[in-house]
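Following: one structure in structure tokens, then a few remarks.
All ligand and atom numbering here is 1-based and tracks the order in the structure. Computation of the quantities below employed the complete heavy-atom set of this structure, encompassing side-chain atoms and omitting hydrogens, waters and symmetry-equivalent molecules.
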Amino acid sequence: MAVDYTTRDGVAVLTLNNPPVNGLGLSTRAGIVEGIERAQNDPAVKAIVLTGAGKAFSGGADITEFNTPKATQEPTLPTVIEAVEGSAKPVVAAIHSVAMGGGLELALGAHYRVAAAGAQIALPEVKLGILPGAGGTQRLPRAIGLEASLNMIVSGAPVLSEKLADSGLFDEVVANPAELADTALAFARKVGAQAGAHPKVRDRKIEHPNAAGFIQFARNTVVAIAKHFPAPHKCIDAIEAGVNDGFDKGLAFERECFTALVQTPESRALRHAFFGERAASKIPDVPSDTPVRDITQVAVIGAGTMGGGIAMNFINAGIPVTLLETKQEALERGLATIRKNYEASVKKGKLKPEVMEQRLALLSPTLSYDELKQADLIVEAVFEELGVKEQVFRRLDEVAKPGAILASNTSTLDVDRIAAFTKRPQDVVGMHFFSPANVMKLLEVVRGKETAKDVLATVMKLAKKIKKTAVVSGVCDGFIGNRMIEQYIRQALFMLEEGALPAQVDRAIEKFGFAMGPFRMSDLAGNDIGWAIRKRRYLEHPEMHYSKIADRLCEMGRFGQKTGGGWYDYKAGDRTAYPSSVVNDMIGEYSKETNAQRRKISDEEIVERLVFALVNEGAKILEEGIASKASDIDMVYLTGYGFPLHRGGPMLYADTVGLYNVERAIRRYAARPNGDAWQLAPSIAKLAAEGRGFNDRA
Ligand code: 3HC
Ligand code: NAI
């Protein structure tokens with residue numbers, strides 16, 4: 001049974017017991033109703049305490065049940081809350097650790113609430129593309145007022161229980177969580193002895209001097225931040241309905257919105273991202289109880305663009321870092337950049353100056369490998385040349401203590417070859433951070449042939465500590481993310497040859513939801529980077545067909561923003577991309593020279609070719625076992641490449657379109673000019689034939 005029932009001195013204690021977070025799945029819901037009824041029928045019971053076992057009061061509705069028959073099977077959550085609220089004997093919710101979503105809604109149905117300090121209180125449904133569907137939009141405003149509840153519901157952000165001590169939500173907040181149970185029991189005994197009806201949140205009034213104005217203000221704010229998501233708007237609508245039409249009508253409207261939102265592609269995408277993030281940390285053949293190595297000292301080799309950002313991640317998490325360079329000036333330059341980054345945060349008010357100093361104090365610059373002897377993890381971020389990596393790894397092998405993890409931040413080199421420079425390849429792993437490394441959430445953890453399982457387990461755990469989304473990739477050129485983006489860029493360039501212009505391609509894909517199209521992005525990163533990669537490709541893969549149009553641009557010296565011009569023109573001190581007649585003429589000329597028939601390319605074709613190029617390569621990456629699950633690929637794209645969150649990543653998007661349709665489109669493009677770039681991944685055809693998708697769970 002997912003709910004335990006015990007009695008103590010005239011109080012029935014209902015304890016939700018559905019690990020890990022007491023999700024309100026069908027059996028838990030049924031258990032609560034049963035417990036409430038049992039308590040009604042026991043004359044010795046005068047009051048009821050409702051609490052949660054383990055690490056939560058309740059994390060809310062069981063998200064895995066959404067869109068399954070169980071979600072709507074009685075008792076539904078509204079029925080459960082009605083039973084709690086309708087109990088003739090007073091119900092006291094004893095809240096600790098986490099009361100979120102349906103968990104908080106359940107507590108709002110109780111007559112009284114006692115909370116332990118430190119509990120995270122939230123209605124985070126909006127982050128899953130829905131709104132609170134069991135009275136949250138109606139009861140929370142009645143408990144804590146319109147403004148505070150609107151903020152909580154529209155942002156979904158957690159608030160600590162002690163901050164809500166005077167809000168009207170809690171009857172008592174207990175400073176010491178260990179005393180919660182006794183305090184709640186004593187409270188229950190007290191109210192159980194009181195005659196008369198017990199208070200219900202639904203009966204309270206929402207008082208606000210200018211509710212309409214405030215709601216309009218919230219609406220204006222949300223328009224700017226929730227462009228692609230319907231849920232925040234619906235949250236406001238539901239709260240407004242409760243303000244204007246009263247509790248019952250508000251509740252009915254909220255339910256209607258919930259039922260509609262839970263079926264939207266946006267909600268599916270957000271739920272996919274929620275589970276995808278958690279699934280990414282699970283590696284199929286590395287059990288979750290694999291012992292991990294202690295990481296209390298980190299070293300970073302190279303204080304350049306990446307090394308500095310990587311070091312910041314660790315010192316931000318309180319882990320001391322030794323930063324090694326070959327020359328004093330390089331070291332000083334690196335340290336100055338780190339300081340400048342922190343100072344910028346201090347200036348914006350995001351960081352206290354004393355915290356900046358505490359962090360900087362954790363950084364020990366050095367020119368000597370002797371200083372690395374204590375490091376538990378050493379991350380190399382030196383020049384991208386195998387010879388330099390060899391030098392560094394041979395030296396690390398000599399000085400690092402036994403069991404130290406040796407990581408490389410290489411973006412293109414073979415981690416197995418790097419591991420082979422040492423006598424301890426089992427301790428070598430790739431940690432591929434993204435630039436700027438202190439900001440970007442993504443970390444590709446590159447698993448070499450010999451990387452030990454406990455090394456992987458350690459790095460995945462550490463990634464959580466430094467607040468990264470870590471995704472494991474096998475060894476291949478470009479790993480997951482860059483290998484896929486290469487196909488995307490290839491298509492973007494082919495489309496220029498065939499009739500499109502940079503601004504059209506960017507506009508189409510930005511309308512789809514990408515923050516930046518391929519050409520604006522390339523101008524920002526520097527067109528010379530892609531040029532260098534292509535030159536290598538021409539040697540390594542002469543059989544591979546690339547458009548040379550980007551080489552032509554580089555030959556004109558147009559490397560992007562840093563040279564004042566790339567695919568677009570730029571004005572000094574202005575990052576706006578202005579379409580360039582010089583470039584557009586060059587593109588026309590190039591098409592002529594190569595006898596390409598320029599034609600009008602639709603926005604739909606642009607989006608399909610760019611996104612399906614990602615999907616097709618992603619499918620191959622799965623076939624080869626480079627990624628272990630489709631959601632890992634989606635997490636890479638959502639956290640590292642600006643793929644629109646409301647579409648859930650390329651693989652989920654392909655499922656939404658339907659793999660049958662994806663296959664047809666790829667076959668169609670394969671039969672056209674530049675069609676040799678489309679080699680359909682066999683798994684797409686197979687899944688399409690079986691009527692399945694990459695992510696059947698979402
Ligand atoms: N339903 C189903 N599974 C859930 C869940 C939920 N509501 N909340 C968490 N889980 C699962 C996670 O998937 C994870 O499973 P795994 O171990 O198999 O990967 C496990 O519980 C532990 O989760 P975390 O790793 O996130 O654990 P933390 O301790 O770091 O965080 C938490 C706990 C703060 C509760 C966090 O899990 C969380 O934010 N959960 C989502 C809360 C939420 O959005 N609730 C609203 C649900 S919708 C709702 O209630 C609708 C209602 O209005 C009708
Ligand atoms: P960078 O040129 O900015 O920095 C490299 C630093 O390493 C320089 O400060 C240099 O002095 C130092 N260095 C060189 N040889 C050294 C040695 N033997 N010992 C100690 N320090 C040495 O380069 P960047 O961009 O930081 O790249 C570093 C690594 O990170 C490369 O492997 C690169 O491929 C990878 N990477 C780069 C990304 C980017 O966007 N710049 C993204 C992800 C990975």
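Not a single donor-acceptor pair under 3.5 Å links the side chain of S435 to the backbone N or O of A437. Checked by atom type and distance alone, the side chain of Q138 pairs as donor or acceptor with a backbone atom of A238 at under 3.5 Å.
Inspection of the Y342 and N316 side chains reveals an N or O donor paired with an N or O acceptor under 3.5 Å.
For residues 53-71, the salt bridge (Lys or Arg N to Asp or Glu O under 4.0 Å) pairs, not counting sequence neighbours, are R29-E65.
Of all the heavy atoms of F66, the ones lying under 4.0 Å from any atom of ligand 1 belong exclusively to the side chain.
Y641 meets the ring pair (Phe, Tyr, Trp, His ring centres under 6.0 Å) test with F434, Y637; sequence neighbours excluded. By the ring pair (Phe, Tyr, Trp, His ring centres under 6.0 Å) test, F314 is found to be paired with no residue, residues two or more places apart in sequence or in another chain being considered.
For atom 29 (O) of ligand 1, the nearest non-hydrogen atom from the set K55, E254, K282 comes from K55. The option from R255, E105, R271, R278 that lies nearest to atom 52 (C) of ligand 1, judged by heavy atoms, is E105.
For the pair V21 and ligand 1, the shortest N or O to N or O distance does not fall below 3.5 Å.
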Write none if no such pair exists; otherwise list each N/O atom of ligand 2 with its protein N/O partner under 3.5 Å and the distance.
from: ligand 2; atom 1: 3 (O); to: T305; atom 2: N; distance (Å): 2.9
from: ligand 2; atom 1: 3 (O); to: T305; atom 2: OG1; distance (Å): 3.0
from: ligand 2; atom 1: 9 (O); to: E325; atom 2: OE2; distance (Å): 2.5
from: ligand 2; atom 1: 11 (O); to: E325; atom 2: OE1; distance (Å): 2.8
from: ligand 2; atom 1: 11 (O); to: E325; atom 2: OE2; distance (Å): 3.2
from: ligand 2; atom 1: 26 (O); to: T305; atom 2: N; distance (Å): 3.3
from: ligand 2; atom 1: 26 (O); to: M306; atom 2: N; distance (Å): 2.7
from: ligand 2; atom 1: 30 (O); to: N409; atom 2: ND2; distance (Å): 2.9
from: ligand 2; atom 1: 32 (O); to: V382; atom 2: O; distance (Å): 3.3
from: ligand 2; atom 1: 32 (O); to: E384; atom 2: OE1; distance (Å): 2.5
from: ligand 2; atom 1: 32 (O); to: K389; atom 2: NZ; distance (Å): 2.7
from: ligand 2; atom 1: 34 (O); to: E384; atom 2: OE1; distance (Å): 2.9
from: ligand 2; atom 1: 34 (O); to: E384; atom 2: OE2; distance (Å): 3.4
from: ligand 2; atom 1: 34 (O); to: S411; atom 2: OG; distance (Å): 2.8

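Less than 4.0 angstrom separates some heavy atom of G101 from each of these atoms of ligand 1: 46 (C), 50 (O).
The closest approach between E65 and ligand 1 stays at or above 4.0 Å for every heavy atom of the residue.
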